[in-house]
Amino acid sequence: MQTLKGVRHLVTSATVKQAVSDLIVPVPWGEMRGKVWGPDHGRPVLCLHGWADNCGSFNTLVPLLPKALQWTRFSIIGHSMGGNIAGLFSALYPEMVDAVVLLDSYGFLPTDPKELPKVMRQGIEDLIKFEKKKEDKKERVYTYEKAFERLLAANPALSEQSVHILLERGLTQVEGGVVFSRDFRINLKNIVRISMEQSLEMQSRIQARLLVLLADEGFDKIFAEPDQKKFTSTLLQGYRDRNGVVVTVPGDHHVHLNCPETVAPFISDFLQTRDPSRSSSDAEGTQTAKL
């Protein structure tokens, strides 16, 4: 991949024996920010966080993963929505991805074709309403304690430590207190949808090795309706048919953040296992991983 112009690295700490820096990528609408763990010369592994989280979602997991994982191609670890992006990217660019870890995610989130017009229309109309209200509505300012209470109330499965971790990047200091830094438009209906048929077609194009880690109190419990179980079981069977590994662990949707030691061994073993389909020449070109 080409080097991105204007990308900045800001060294923030060197905790748990790993160099950590902030990553800032300028884009037409502002900046995309993330974190970089590991050496600059390492092979990149992209960690994609969930819908309303931030990259702090991986703060507790990454330090438990080996610092010298052997890969020859791009790998992705995706949680929740990040897992859906991982599935889609791996299908569209199969030659670029050699391993995918889905954390409480099915890689795709199919929508009934009959519901698509309704969902898309609601998403568009909600966005218009939001933009109109935003013009007159002042940004709400919180004390840190009140912001903590709000995030915990909205995500009761998070541990108190996990809430503090997400708030490190999820708040911006302003006069009189703090404001949430995320774009609240993410709370609106997502109009980017695909059907089950399209999901299975995309899934069939993935060439990467796959590990699916589901939490028994996470999406597996949320998607409990018969129609939902049908699409989740179909997707999971699709991964198994392609020699993917599907494991259910005790925990909730944020198990990787709340209890990283539960999932870290599975991820470490999976990522350090050599792909038998790769040639010996590839094995000679291994590099230290950068997450």
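When a residue number appears, it is its place in the shown sequence, counting from 1.
- Of the possible donor and acceptor atoms, none in the side chain of E217 sits under 3.5 Å from a partner among the backbone N and O of H253.
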### Query
So V141 and V174, side-chain contact (heavy atoms from CB on, under 4.5 Å) or not? Walk me through it.
CA-CA 8 Å; V141 179; V174 297; 4.0 Å; yes
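- A donor-acceptor pair under 3.5 Å is absent between the side-chain atoms of S268 and the main chain of P265, judged by distance alone.
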### Task
Walk me through it: do D112 and K118 pass the test salt bridge (Lys or Arg N to Asp or Glu O under 4.0 Å)?
CA-CA 11 Å; D112 186 335; K118 176 183 175 182; over 6 Å; no
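- If you take CD1 on I191 and CD1 on I124, they are separated by 5.0 Å, rounding to the nearest 0.5 Å.
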### Message
Using side-chain contact (heavy atoms from CB on, under 4.5 Å), reason through D216 and K221 one step at a time and then give a plain yes or no.
### Response
CA-CA 7 Å; D216 60 4; K221 188 174 182 179; over 6 Å; no
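- In summary, K129 and E125 do not engage in a salt bridge, as defined by a charged side-chain N under 4.0 Å from a carboxylate O.
- Here the side chain of N155 pairs a donor or acceptor atom with the backbone of L151 at under 3.5 angstrom.
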### L61/L257 under side-chain contact (heavy atoms from CB on, under 4.5 Å): CA gap, chis, key distance, verdict
CA-CA 6 Å; L61 175 61; L257 177 59; over 6 Å; no
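- A donor-acceptor pair under 3.5 Å is absent between the side-chain atoms of Y106 and the main chain of N84, judged by distance alone.
- For M202, the CE atom is loosely surrounded, since the number of other residues' heavy atoms within 6.0 Å does not exceed 12.
- Listed by first then second residue, pairs satisfying side-chain hydrogen bond (donor to acceptor under 3.5 Å, both in side chains) with a partner in residues 178-188 read E131-R185, D183-R185, not counting sequence neighbours.
- The pair K229-E225 does not meet the salt-bridge criterion, since no charged nitrogen lies less than 4.0 angstrom from a carboxylate oxygen.
- For Q228, the CD atom is densely surrounded, since the number of other residues' heavy atoms within 6.0 Å is greater than 12.
- Between R193 and N190, the shortest heavy-atom contact is NE-O, 2.7 Å.
- Taking the six-membered ring for Trp, H164 and Y144 have ring centres closer than 6.0 Å.
- Between the side chain of R242 and the backbone N or O of R209, no donor-acceptor pair lies under 3.5 Å.
- With S162 as reference, N258 is the one residue of L152, D53, N258 to meet the side-chain contact (heavy atoms from CB on, under 4.5 Å) rule.
- Taken together through direct or relayed side-chain contacts under 4.5 Å among Ile, Leu, Val, Met, Phe, Trp and Tyr, L23 and I165 form parts of separate hydrophobic clusters.
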### Query
Between R205 and E201, is a salt bridge (Lys or Arg N to Asp or Glu O under 4.0 Å) present by the stated rule, with each step listed?
CA-CA 7 Å; R205 296 173 181 270; E201 176 61 31; 2.9 Å; yes
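- The ring of H49 has its center no closer than 6.0 angstrom to the ring center of F58.
- D126 contributes no side-chain N or O that, together with a main-chain N or O of L188, makes up a donor-acceptor pair within less than 3.5 Å.
- The backbone N or O of G82 sits nowhere less than 3.5 Å from a side-chain atom of S80 that would complete a donor-acceptor pair.
- Between R169 and D22 there is a salt bridge, since a side-chain N of the basic residue sits under 4.0 Å from a carboxylate O of the acidic one.
- Counting only distance, with no hydrogens or angles, the side chain of D98 and the backbone of A208 share no donor-acceptor pair below 3.5 Å.
- Considering every non-hydrogen atom in both V100 and A86, the closest pair reads CG1-CB, 4.1 Å.
- Between E95 atom CD and S90 atom OG the span is 10.5 Å, to the nearest 0.5 Å.
- Residue pairs meeting the ring-ring contact (aromatic ring centres under 6.0 Å, His included) criterion with at least one partner in residues 171-196, sequence neighbours excluded, are Y142-F180.
- Contact between F219 and S105 at its shortest, heavy atoms only, is CD1-CA, 4.5 Å.
- For H256 and S57, the side-chain atoms include at least one donor-acceptor pair closer than 3.5 Å.
- The hydrophobic cluster containing F108 also contains Y93, counting ILVMFWY residues as joined when their side-chain heavy atoms lie under 4.5 angstrom apart, directly or transitively.
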